[in-house]
Amino acid sequence: MSSHEVTLFIDGKEIQANKDVTVLEAAEENGIYIPRLCWLKGLSPFGACRVCLVRANGRPQPACTQRVMDGMVVDNDTEELRGIRRNIIDMIFVEGNHFCMFCEKSGNCELQAMAYRHGITAPKYPFLFPQKAVDASHPDVLIDRNRCILCSRCVRASKEQDGKGVFGFTGRSIDKRLAVSSGEGLAGTTLDVDDEAVSACPVGCLMKKRVGYAIPVGERRYDQEPIGSDIESVAANKGGE
Ligand code: FES
């Protein structure tokens, strides 16, 4: 083990990790999936959704922002944490208007896939049915805020990867909404259909126009395998070596 590495334990498994990485990254490198929605590889961590909540040395922490420490003991796959994550996912659903059966992102949607992974078929809280605006002004990209989960992946991707700053937020709490950098709507911004910000969206909020249903429902990414199984297959393959 080099001086840049630490040893930690995730769900009882001993792993080595670079001391500069987060718990989520260390877990992923070792084939352990920690659920996440607002985290996306290549973007600065934001810590918004709390779906990645773990217990690090007994204290609840978001795994996407918590750095590893030598000797750290992390609980990830426990009944308590699965229950907290289920509650968070339930709340995300009722705070928006997510009608999966009519959504083009179905089967490719990380929120839908996260719900299935956690055994959720219907939220247990009452729907709030908030009023949220659609912006279809851009020739190539649609914003449907009914499906936005305020993860800020498009905000960060536009700023950090596209160098534009097209997206931001307006309002607070239950009135918080995705905003764009022009009073003319999305059409007034410098957004391009190929921007990283568009593909960073984990749900059906930012959608490319004229490409709907190119892949039939039932043959899409999470129709084939549960979310996170690509990461867990790394561990399975290592075990088979
Ligand atoms: Fe860590 Fe969202 S993935 S808070």
Side-chain angles (χ1 to χ4, degrees), residues 8 10-11 15 17-18 20-69 72-78 80-96 98 105 108-118 120 123 145 147-161 167-169 172-174 176-178 196-197 199-206 221-222 226-232 234:
L8 66 155
I10 302 181
D11 292 334
I15 64 171
N18 187 297
D20 295 327
V21 305
T22 62
V23 169
L24 185 146
E25 291 166 327
E28 181 158 332
E29 282 165 18
N30 286 274
I32 300 169
Y33 176 65
I34 298 179
R36 76 292 297 268
L37 283 173
C38 70
W39 185 86
L40 184 64
K41 201 180 192 82
L43 299 180
S44 59
F46 190 57
C49 73
R50 292 307 202 250
V51 168
C52 68
L53 196 78
V54 295
R55 281 196 179 272
N57 290 339
R59 297 180 57 176
Q61 299 286 354
C64 69
T65 56
Q66 173 66 53
R67 297 261 163 192
V68 296
M69 290 190 290
M72 179 182 263
V73 176
V74 177
D75 292 324
N76 165 48
D77 193 20
T78 67
E80 179 211 18
L81 291 166
R82 285 194 294 273
I84 292 171
R85 291 169 185 154
R86 275 196 293 271
N87 284 342
I88 292 170
I89 296 161
D90 272 336
M91 285 188 275
I92 294 173
F93 269 102
V94 301
E95 286 176 356
H98 301 276
K105 196 77 176 230
N108 288 323
C109 173
E110 294 180 35
L111 176 63
Q112 181 193 46
M114 199 64 71
Y116 283 138
R117 180 165 176 130
H118 287 81
I120 299 169
R145 292 182 179 84
R147 304 165 181 164
C148 180
I149 61 170
L150 304 172
C151 65
S152 108
R153 280 167 44 164
C154 63
V155 178
R156 286 171 285 153
S158 183
K159 199 172 296 174
E160 298 169 14
Q161 297 179 321
F167 299 101
F169 292 120
R172 296 171 68 86
S173 183
I174 196 69
K176 190 171 177 180
R177 299 283 189 273
L178 184 65
E196 295 294 334
S199 51
C201 181
V203 292
C205 174
L206 292 182
R221 181 172 182 187
Y222 303 122
I227 192 167
S229 49
D230 53 333
I231 294 168
E232 291 165 329
V234 172

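Both counts, for ligands and for their atoms, begin at 1 and track the order of listing. We're numbering straight along the sequence, starting at 1. Predicted, not measured: the structure shown is a model, and the values here were computed from it.
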Could you pull out all residues at least two apart from Phe93 that satisfy ring pair (Phe, Tyr, Trp, His ring centres under 6.0 Å)? His98

To the nearest 0.5 Å, what is the distance between CD1 on Ile120 and CZ on Arg86? 7.0 Å

To the closest 0.5 Å, what do you measure between SG (Cys148) and CD (Glu95)? 11.5 Å

Side-chain donor/acceptor of Arg85 to backbone N/O of Leu53, under 3.5 Å: yes

Would you check if the side chain of Asp11 reaches a backbone N or O of Asp77 as a donor-acceptor pair within less than 3.5 Å? yes

Counting only heavy atoms from other residues, nucleotides and ligands, does the tally under 6.0 Å from OH of Tyr116 exceed 12? no

Atoms of protein origin (N, O or S) under 2.8 Å from atom 2 (Fe) of ligand 1: Cys38 SG, Cys49 SG

